[in-house]
Amino acid sequence: MRILIADDEPAILMSLDFLMRKEGHQVFVARDGEEAIQLIEKELPEVIILDIMMPKVNGYGVCQQAKALKPTYQPAVVFISAKIAESDIEKGYEMGADLYIPKPFSNRDLVKKINELYEKLKN
């Protein structure tokens with residue numbers, strides 16, 4: 001599976017990058033929304049893990065652009081965010097998220113949920 005992880009927190013990027021590679025996935029990392037959009041257009045990842053609060057373009061904007069890229073390209077989008085109000089979570093799902101995981105989260109649980117999501121999408 002090709003996964004893009006977009007977050008402006010280096011510790012999160014490093015730990016998720018390590019864990020996803022350990023699971024055997026091909027991983028791309030972006031430190032801001034612009035970089036995420038460029039990688040999405042170039043690599044067409046099957047799963048996109050997005051922080052909402054990022055420089056240049058926020059996670060909502062990245063999600064919208066990814067979902068509108070091509071009619072045949074429908075990536076799974078997972079928001080990871082410290083924005084945990086009910087209205088924030090609802091907005092994430094309205095923007096097209098397949099999962100919304102509040103920070104802080106368990107890395108092990110996140111990997112498990114992403115693998116389960118990918119299996120669902122394949123079938």
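Along the sequence shown, the residues carry numbers beginning at 1.
- Residues Lys56 and Glu35 are not paired through a salt bridge, judged by the lack of any N-O separation under 4.0 Å between the basic side chain and the carboxylate.
- More than 12 heavy atoms of other residues, nucleotides or ligands shown are found within 6.0 angstrom of CE on Met53.
- In this structure, Lys103 pairs ionically with Asp51, as a charged nitrogen and a carboxylate oxygen lie closer than 4.0 Å.
- Atom CD of Glu41 is separated from atom CD of Gln38 by 7.5 Å, given to the nearest 0.5 angstrom.
- Residue pairs satisfying the ring pair (Phe, Tyr, Trp, His ring centres under 6.0 Å) criterion with at least one member in residues 35-61, sequence neighbours excluded, are listed as follows: Tyr60-Phe79.
- Among the candidates Asp7, Ile80, Ile3, Ile114, the single residue satisfying the side-chain contact (heavy atoms from CB on, under 4.5 Å) test with Leu16 is Ile80.
- With sequence neighbours excluded, no residue forms a salt bridge (Lys or Arg N to Asp or Glu O under 4.0 Å) with Glu94.
- Interatomic distance, NZ of Lys113 versus CD1 of Ile101, reported as 5.0 Å (0.5 Å rounding).
- Taking the charged nitrogens against the carboxylate oxygens, Asp17 and Lys22 have no contact shorter than 4.0 Å, which rules out a salt bridge.
- Listed by chain and residue number, nothing satisfies the salt bridge (Lys or Arg N to Asp or Glu O under 4.0 Å) test with Asp8 (two or more places apart in sequence, or in another chain).
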side-chain contact (heavy atoms from CB on, under 4.5 Å) evaluation trace for Ser81 with Asp88: CA-CA 9 Å; Ser81 181; Asp88 295 318; over 6 Å; no
Steps toward side-chain contact (heavy atoms from CB on, under 4.5 Å) verdict (Met1, Gln26): CA-CA 6 Å; Met1 166 173 39; Gln26 184 179 7; over 6 Å; no
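- Counting heavy atoms from C-beta on, the side chains of Ile5 and Val27 come closer than 4.5 Å.
- Inter-residue side-chain proximity for Arg2 and His25 is flagged as unmet; no heavy-atom pair is nearer than 4.5 Å.
- The environment of OH in Tyr73 is crowded: more than 12 heavy-atom neighbours from other residues, nucleotides or ligands sit within 6.0 Å.
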